[in-house]
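Have a look at the structure below, then the notes.
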Amino acid sequence: MPIRFRIRWIPLCATLAVAAIGIALGQWQTHRAEEKLAIQQRIELRSKEPLLQALPPDGEAEAGEFRHVALEGEFVPQWTVYLENRPHDGAVGFHVLTPFKIAGSQRAVMVARGWAPRDAADRAKVPHPAVPAGPVRIEGTLRRDAGHVLQLGQADAPRPGAILQNLDIAALSAASGLPLSSLVVELRAAPPGGDDGLVRDWPAPSLGIDRHRAYAVQWYALAAMALVFFLVTELRRKGNDRQ
C-alpha cells in the first residue's frame, strides 16, 4: 500500500522564508553592483571630456564631478585646514586643503593640494608646505567632497590651520567669509612656483563592485542551499517511511 507524502508545513515555511530573504538580499547586492558599475563608467567618461575652464554651478555639482578643470586665481593660505586619518602607503598623515579665490569671480573653492605625513612626536604639529603667492593657474579633478571618515566625537569648528576629521564646506564658508563652492578640486600636479613636497596620489573612489557581486553569489547560494536541504531531508524522510 503506497505511503502518502505529507508535507511538513513549518519546515517548508521556514525554508521558503530563508530562500526569499537570500534571493532578496542577492538582488539588492546585484543592484548595488550595477549602480556602482554605472558610476565607474561615468568616471571614465568624464575623465575624457574636455577640460573645464570654470566651476560648474552648485546646482550642477553632481554632473561636474570627476571632470578635469583649470582655474586661475589666488590661494588663501591663512585658511588652510588639515584632514586627519588619511593614510598613504601605510603611513599616517593629512590631506592639506587651502581655499582658492577664482579670478574674475566672487566664488572660491577648496583645493585638496596633497598628502603630508603626520609628526609622530607631536600630533598637534601640522606641515606648512609652500603656497604659491599671487595669481596662479591650477588644474585638478572636481569632487563633490573631500572624502569622509568616521567622525569621533563632536566635530571641531573650522578655523585657520584646524585639524579636522571631515570637511564641512558650509561651516568653513561661514567661518571664513569665503563664498565656497560645494565642490572640491583635487590637484593633479604642483602649481607653478616649485614642488611643495605634497603627495598627489589620490585614492580612487571605493566602489567595491566585485565585493557586491561576491555577496550576491553568497546570498543566492544560501537560498539554493535552503531549498536543497529541505528537499533532501524530505526525500530521506519519505524513504524511511517506506521501510
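Nearest heavy-atom pair, Leu71 versus Gln53, reported as atom, atom and distance to 0.1 Å: CD2-O, 4.3 Å. When every heavy atom of Ser181 is checked against every heavy atom of Ile169, the shortest pair comes out as O-CG2, 3.3 Å. When all heavy atoms of Asp196 and Ala130 are compared, the pair lying nearest together is CB-O, 3.7 Å. Taking both residues in full, the closest heavy atoms of Leu180 and Pro99 are given as CD2-CB, 4.4 Å, listed atom of the first, atom of the second, then distance. The shortest heavy-atom contact between Asn166 and Gly147 is OD1-O, 3.8 Å.
For the atom pair Glu139 CD and Glu186 CD, the distance stands at 14.5 Å (nearest 0.5 Å). To the nearest 0.5 Å, the span separating CG on Leu83 from CZ on Arg86 amounts to 4.5 Å. How far OH of Tyr220 is from CD of Gln218: 13.0 Å, rounded to the nearest 0.5 Å. Atom-to-atom distance recorded for Arg159:CZ and Leu164:CG is 7.5 Å, nearest 0.5 angstrom.
Residues forming a ring-ring contact (aromatic ring centres under 6.0 Å, His included) with Tyr215 (at least two apart in sequence, or on another chain): none. Every residue two or more places apart in sequence or in another chain was checked for a salt bridge (Lys or Arg N to Asp or Glu O under 4.0 Å) with Arg123, and none qualifies. With sequence neighbours left out, His68 forms a ring-ring contact (aromatic ring centres under 6.0 Å, His included) with no residue at all. In this structure, the side-chain contact (heavy atoms from CB on, under 4.5 Å) partners of Ser176, at least two apart in sequence or on a different chain, are Trp79, Leu178. Not counting sequence neighbours, the partners of Val126 by the side-chain contact (heavy atoms from CB on, under 4.5 Å) test are Tyr82, Phe94, His128, Ile163. Partners of Glu65 under the salt bridge (Lys or Arg N to Asp or Glu O under 4.0 Å) rule, at least two apart in sequence or in another chain, are Arg143. Residues that satisfy the side-chain contact (heavy atoms from CB on, under 4.5 Å) test with Ala171, not counting sequence neighbours, are Pro158, Asp168. Scored by the side-chain contact (heavy atoms from CB on, under 4.5 Å) test, Asp89 finds no partners at all (sequence neighbours excluded).
Here side chain to side chain donor-acceptor pair (under 3.5 Å) pairs that include residues 112-122, with residues two or more places apart or in two chains, are Glu84-Arg118, Thr98-Arg113.
No path of Ile, Leu, Val, Met, Phe, Trp and Tyr side chains, each step under 4.5 Å between heavy atoms, connects Leu183 with Met110, placing them in separate hydrophobic clusters. When the side chains of ILVMFWY residues are joined at heavy-atom separations under 4.5 Å, either directly or via intervening members, Val69 and Trp202 end up in two distinct hydrophobic clusters. Residues Phe230 and Trp219 are members of separate hydrophobic clusters, defined by side-chain heavy-atom contacts under 4.5 angstrom among Ile, Leu, Val, Met, Phe, Trp and Tyr.
Looking at heavy atoms from C-beta onward, Phe75 lies in side-chain contact with Pro132 at the 4.5 angstrom threshold. Between Val136 and Phe100, some side-chain heavy-atom pair lies under the 4.5 Å cut-off. Looking only at side-chain heavy atoms (C-beta outward), Leu198 and Val96 come within less than 4.5 Å of each other. Residues Val111 and Val184 fail the side-chain proximity criterion, which asks for heavy atoms closer than 4.5 Å. Between Lys101 and Val76, some side-chain heavy-atom pair lies under the 4.5 Å cut-off. Side chains of Ile138 and Leu187 form a contact here, defined as non-hydrogen atoms less than 4.5 Å apart. Looking at Asp145 and Leu167, their side chains never come closer than 4.5 Å, going by heavy atoms from C-beta outward.
Within a 6.0 Å radius of CD1 in Ile10, no more than 12 heavy atoms belonging to other residues, nucleotides or ligands are found.
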From CA spacing to verdict: side chain to side chain contact (heavy atoms under 4.5 Å, CB included), Arg32, Thr30: CA-CA 5 Å; Arg32 290 291 291 155; Thr30 299; over 6 Å; no
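Other members of a hydrophobic cluster containing Val217 are absent, since no ILVMFWY side chain comes under 4.5 Å of it, directly or through relayed contacts.
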Show me, pair by pair, the donor-acceptor contacts under 3.5 angstrom made by side chains of residues 102-109, not counting sequence neighbours?
from   : atom 1 : to     : atom 2 : distance (Å)
Ser105 : OG     : Arg107 : N      : 2.9
Arg107 : NH1    : Pro56  : O      : 3.3
Arg107 : NH2    : Pro56  : O      : 3.4
Arg107 : NH2    : Asp58  : OD1    : 3.2

Distance-only check: which donor-acceptor pairs under 3.5 Å involve side-chain atoms of residues 13-23, not counting sequence neighbours?
from  : atom 1 : to    : atom 2 : distance (Å)
Thr15 : OG1    : Pro11 : O      : 2.8

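A salt bridge links Arg67 to Glu49: at least one charged side-chain nitrogen sits closer than 4.0 Å to a carboxylate oxygen.
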